[in-house]
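What follows is a set of notes on a single structure, which appears directly below.
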Amino acid sequence: EAQVTQNPRYLITVTGKKLTVTCSQNMNHEYMSWYRQDPGLGLRQIYYSMNVEVTDKGDVPEGYKVSRKEKRNFPLILESPSPNQTSLYFCASSFTTRAGYSPLHFGNGTRLTVT
Amino acid sequence: ILNVEQSPQSLHVQEGDSTNFTCSFPSSNFYALHWYRWETAKSPEALFVMTLNGDEKKKGRISATLNTKEGYSYLYIKGSQPEDSATYLCAFGNNAGNMLTFGGGTRLMVKP
């Protein structure tokens, strides 16, 4: 089944404790992206990747890191999480390198709480 | 940061009503406009990707139109059903970059 898999679904952590949210897609998509969703603010892009070893900042990259060592995986790393990073996170992928040309396929989301 | 606005923010309709909502986006450097349907506790699912001015797309009772010159798209739902209750998101892609910028969404609630 074609899908984008995120783990974990739920995560509660404390300020400053490094964490990684994994994202994997099995559709051979070139484009992958991370979004966060906060009430009243909609989906905001954190980082995106157009291909292996090619990543770039979105609108809200501060406090996050990503890597794209393999085509299928695009982990999101929070080196020192803070409470303002409490949010619902989505990973998404699409077929083409240009974000707009083909639809995004979303993972199931990760609800992160930082205390 | 590009400005993509959706209106209304929320909408309550009765089963059987037809409804529509708006997505406004910058009219310059247009590349693509997406619509997504997002049900509670699920992830957003793509409805339409539109790239040409005047595009009209249809999927069942849902259709969308696109006006790139004036910077808006409409989403129509004919004969709303309770299962149409969801948040509808639009996303704008411009040809200056590789990002999709989402609007804040329209939350639709259909009462039986």
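In B:Glu15, the CD atom is crowded: over 12 heavy atoms of neighbouring residues, nucleotides or ligands sit closer than 6.0 Å. More than 12 non-hydrogen atoms from other residues, nucleotides or ligands lie less than 6.0 angstrom from CD of B:Gln81. Under a cut-off of 6.0 angstrom, the local environment of CZ in B:Arg61 is crowded, with over 12 non-hydrogen atoms contributed by other residues, nucleotides or ligands.
Hydrophobic clustering (ILVMFWY, side-chain heavy atoms < 4.5 Å, transitive): A:Val52 and A:Met50 are in distinct clusters. Both B:Ile62 and B:Val13 are assigned to one and the same hydrophobic cluster, defined by single-linkage of ILVMFWY side chains at heavy-atom distances under 4.5 Å. Linking ILVMFWY side-chain heavy atoms closer than 4.5 Å, directly or via other members, places A:Leu76 and A:Val4 in two distinct hydrophobic clusters. Two different hydrophobic clusters hold B:Phe30 and B:Tyr72 under the rule that ILVMFWY side chains link at heavy-atom gaps under 4.5 Å. In terms of hydrophobic clustering, with Ile, Leu, Val, Met, Phe, Trp and Tyr side chains grouped at heavy-atom distances under 4.5 Å, A:Leu11 and A:Tyr64 are assigned to a common cluster.
Atoms NZ and CG, from B:Lys42 and A:Asn108 in turn, are 10.5 Å apart once rounded to the nearest 0.5 Å. Between the OH atom in B:Tyr36 and the CG atom in A:Leu43 there is a gap of 10.0 Å [rounded to 0.5 Å]. Once rounded to the nearest 0.5 Å, the distance linking CD of A:Gln3 with OG of B:Ser43 reads 10.5 Å.
For the set B:Thr51, B:Leu89, B:Val49, the count of heavy-atom pairs under 4.5 angstrom toward chain A peaks at B:Val49. By number of non-hydrogen pairs under 4.5 angstrom with chain B, the leading residue of A:Arg44, A:His105, A:Gln37 is A:Gln37.
Across all their heavy atoms, B:Met99 and A:Lys57 have their closest contact at SD-O, 4.1 Å. Minimum heavy-atom separation, A:Leu88 to B:Trp38: CD2-CZ2, 4.1 Å. B:Ala46 approaches A:Pro103 most closely through the heavy-atom pair CB-CB, 3.5 Å. Residues B:Pro44 and A:Phe106 approach most closely at O-CD1, 3.4 Å, considering heavy atoms.
Judged by distance alone, the side chain of A:Tyr35 and the main-chain N or O of B:Phe102 form no donor-acceptor pair under 3.5 Å.
Residues A:Tyr48 and B:Leu100 have side chains not in contact (no heavy-atom distance under 4.5 Å, counting atoms from C-beta outward).
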